[in-house]
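Here is the structure we will look at.
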Amino acid sequence: MTEKQNLRVLTIDDSRTMQGMLRKALEEAGYDVIQGADGVEGIEVLESADPPPKVIITDINMPRMDGFGVIETVRKMSQFKHLPVIVLTTESDPEKKAKARAAGATGWIIKPFSSDSLIAAIRRVTA
Amino acid sequence: MDDILQIFFQECDEQLQELERGLSALSDGESEHETVNAVFRAVHSIKGGAASFGLENLVRFSHVFENSLDGLRSERFAPTPEVVKTFLKAMDVLSDLVSEARGGNTVDPARVAESQAELAAISDSGDQSAASSALAATEAAIPQDFTPIPMDFEPISADFEPVPVDLDFGELAALAPAALIVTFRPHDALYERGDDARNILIGLTDIATEAGGQIEVTCDRSALPPLADLIPGKSYLSWRVVLPADASEDSANAVFDWVSDTCDFTLTRDEADDTTPADSALEHPLDQAEPETTDSLTEMDLAEPHLHDDAVAPLASATPLVPSIAAAAQPAAGGVHAAARKPEQASIRVDLHRIDNLMDLVGELVIAQAAIESLSRRTDASGQHELVQSISSMQSLTRDIQDAVMAVRAQPVRSVFQRMQRVVREASSMTNKNIVLLLEGEDTEVDRTLVEKLTDPLTHMLRNAVDHGIESEEARIAAGKPAEGHIVLSAEHRSGRILITIKDDGAGINRQRVFDTAVKRGIIPPDASLTDEEVYNLIFMPGFSTAATVSNLSGRGVGMDVVKQAIQSLGGRITISSVPGKGTTFGFSLPLTLAILDGMLIAAAGSTMVLPISAVIETMIVNQRDIYALPDGSNVVSIRGDCMPLIPLATALKLSSASSPESFHNAVILVVENEAGARAALVVDEIRDQTQVVIKSMESNYRPIFGVSAATILGDGSVSLILDVSALVASAIGQIDTKSANIRAGLAA
């Protein structure tokens with residue numbers, strides 16, 4: 001597990017429950033977690049993070065700026081346009097996934113997620 | 001995990017409040033898109049969290065609720081009053097399910113099912129096609145589509161070792177009979193979405209490792225243009241990967257799960273491939289890769305859909321790339337929408353404990369500062385003038401700090417008020433009455449400890465208003481009133497206190513019935529002569545209940561006295577006014593804070609005591625000719641033509657025996673007023689100072705004492721009593737309050 005030590009992950013979710021679970025699962029797996037409470041804050045955290053995160057995990061339904069907005073914003077930032085962004089969604093509905101994909105999402109995780117699936121998803125894009 | 005569960009429940013409360021706020025707005029005719037979104041988000045959020053904790057009842061119900069709200073969000077139906085009513089009911093069920101999950105009472109499954117069916121019916125009415133309504137009905141019954149779908153990739157083994165990936169010259173080992181052959185060619189979009197072919201190769205490597213083998217990789221570079229023509233970020237390469245026979249197709253498919261629309265790929269377990277000479281692959285790796293990755297791939301996709309999971313098959317290779325690129329490059333609807341929303345105030349979450357601690361410290365600061373002040377007065381130090389000045393500026397700073405901390409602790413009463421909607425809703429449905437609760441001044445801010453403690457008394461008062469205040473529909477119509485009853489719950493700041501009123505348009509309090517009951521219960525003698533207000537106050541006496549039939553709602557004979565105690569323990573008073581046939585108004589007047597008070601230091605019978613400044617109207621020296629003795633031994637004083645009882649403080653508190661009217665000559669009197677507006681003149685020995693004091697409860701540290709509301713520590717370190725003006729005034733005007741206070745004191749002792 002040492003190779004991903006300190007690898008930084010940005011999680012964006014307005015639910016403190018979800019943020020708590022993400023932080024716990026990720027930190028237990030040795031990741032360095034930074035968080036934003038909605039899209040707008042997530043982008044702010046991304047811009048000011050040093051070192052920058054290697055992957056973003058974002059919720060879709062959020063106030064101020066939703067997950068689609070996050071992805072679109074990230075894809076327009078020259079330094080982050082290739083940053084993997086994984087969306088968290090309770091919807092297994094293909095429409096939602098397609099929309100996230102169209103916005104530029106790298107992948108998705110269906111809530112509720114297991115620790116293993118979360119880590120696997122991150123490894124999938126940061127290996 | 002427990003701590004996260006606690007966060008979840010806390011968040012549920014917030015989401016339920018958000019839901020209530022949104023639904024109330026909708027029922028008031030608002031149809032703002034953002035309101036509907038917020039309502040949807042609240043339920044969605046509860047569902048998401050509940051699913052994480054495996055709270056199945058909660059998940060199932062919130063799923064149906066969410067589906068229904070989604071119909072509203074996508075405007076399949078309008079928020080008609082009936083729809084909103086169903087949502088409100090569902091919200092109550094949801095709220096109860098949250099309590100259930102928290103370890104509270106189990107929710108009656110029939111109630112859940114009923115609400116669920118109503119929600120499904122709404123969804124149904126919005127869906128035109130029979131197919132979708134059938135679907136909604138199925139979902140309502142068993143929301144199976146919400147079964148958590150585990151990410152179907154295999155956990156990557158932890159002891160993974162990087163396998164050398166020789167892009168060009170993968171050494172072809174002897175192939176197993178049924179080697180799994182994967183070919184893939186990423187589109188530009190794969191890279192544009194933050195993915196990389198490398199990720200896929202590593203994913204496949206992991207699968208091979210798990211199967212106990214290695215991968216053989218061949219890279220097709222035929223499409224790679226000369227360096228000068230190369231466009232960065234464009235996809236030119238494709239790969240052919242041979243996995244060991246034991247490698248699972250499902251796992252291999254899972255590697256492509258996220259890229260089914262941004263990558264052409266095939267999976268074949270082709271024994272024929274076995275016959276492909278290794279040499280040929282080595283000699284013509286590009287030729288070999290070419291047909292596999294291009295022409296034949298599409299055919300294979302179509303011919304062998306069983307290799308892909310169902311979701312992937314229709315998307316594979318069919319989705320055009322260009323639109324997704326365009327979408328990524330342009331601000332799509334979601335982004336614009338998000339940017340247009342109004343910014344919210346930045347806020348941070350602070351542990352309540354810390355704020356309470358800060359408040360305590362400010363309290364100590366106030367005491368310490370008073371100590372310095374009193375010290376400075378006793379010392380004749382040189383430079384005393386500067387000292388006094390410094391102290392005075394420190395004093396104003398202390399006050400600013402105190403105000404700032406209070407502002408931090410202040411919360412609008414909205415959260416409690418909104419909860420009352422449900423109370424009234426439930427109570428009216430139990431009593432078969434049609435009652436509307438109107439809220440006013442929900443944004444009025446009070447100390448958060450007060451907000452919390454208001455819930456129970458308000459719940460009780462509103463149930464009472466529904467049960468006893470508002471008449472039955474028939475009675476209302478007979479009285480020429482609208483069939484629908486109204487209760488107004490309002491809050492406002494009034495001279496340093498918060499005033500909460502509960503006003504109903506019912507029949508008013510039946511004076512005679514209250515009186516008779518009080519006599520029957522032995523609370524008052526049959527010949528007592530009481531004012532209207534005194535009679536009304538009887539309903540707050542312990543053991544009093546006028547309910548002719550004991551309903552299971554509020555008429556259990558406990559309650560109103562409990563309300564009174566609760567309000568009094570918060571330093572509040574209750575006022576009642578009632579007009580027969582028109583309705584009753586209850587008023588709670590409460591201090592804004594329970595911690596610090598502006599007090600006037602006075603002396604009586606040699607002790608220093610504190611009087612809340614808010615209660616003092618004026619101070620003066622009394623002239624003996626304005627004092628009139630009454631036959632019962634008490635005195636009244638006439639101040640500018642107004643007569644009011646004269647209360648010698650020392651006597652009232654039983655610190656000295658009764659004094660003669662003559663002794664009042666040139667005495668200092670304070671005109672004080674209680675919440676009901678009744679005035680009295682307190683006779684004191686002297687006025688000593690004006691200061692802020694920190695309130696220390698007597699009831700929690702000792703026991704309730706008549707005429708004393710709390711105690712405090714003064715600057716010189718001595719303990720001083722804070723006087724309960726209302727009790728003193730009330731006792732001077734009538735005997736009722738003294739009596740109830742004594743009963744209370746007796747019970748507590």
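In what follows, chains are A, B, ... by sequence order, proteins preceding strands, each numbered from 1.
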Main-chain N/O of [Y] paired with [X] side-chain donor or acceptor, under 3.5 Å:
X        : Y        : result
A:Thr106 : B:Arg193 : yes
A:Trp108 : B:Trp258 : no
B:Arg41  : A:Asn61  : no

**Study point:** Candidate pair B:Asp195 and A:Arg124, rule salt bridge (Lys or Arg N to Asp or Glu O under 4.0 Å), full reasoning
**Key:** CA-CA 9 Å; B:Asp195 214 337; A:Arg124 162 70 179 73; 2.9 Å; yes
Non-hydrogen atoms of [X] and [Y] that approach each other most closely:
X        : Y        : result
B:Gly194 : A:Pro84  : O-CG, 3.4 Å
B:Thr262 : A:Arg101 : OG1-NH2, 3.0 Å
A:Met18  : B:Ser52  : CE-OG, 3.6 Å
B:Glu11  : A:Asp14  : OE2-O, 3.5 Å

Heavy-atom distance under 4.5 Å to chain B: side chain of [X], backbone, both or neither?
X        : value
A:Ser114 : neither
A:Asp13  : neither
A:Ile86  : side chain

Study note, to complete from the structure: Residue set satisfying side-chain hydrogen bond (donor to acceptor under 3.5 Å, both in side chains) with B:Glu18, at least two apart, ordered chain then number -> B:Arg21
Exercise for review: May I ask you to decide whether A:Arg16 forms a salt bridge with B:Glu14, counting only side-chain N to carboxylate O separations under 4.0 Å?
Suggested key: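 Salt bridge present between A:Arg16 and B:Glu14.
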Review point. Could you give the distance from NZ (A:Lys81) to OH (B:Tyr191), rounded to the nearest 0.5 Å?
Key: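 If we round to the nearest 0.5 Å, A:Lys81:NZ and B:Tyr191:OH are 15.0 Å apart.
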**Study point:** From A:Met21 atom CE to B:Ile7 atom CD1, the distance as rounded to the nearest 0.5 Å
**Key:**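 Separation between the atoms: 10.5 Å.
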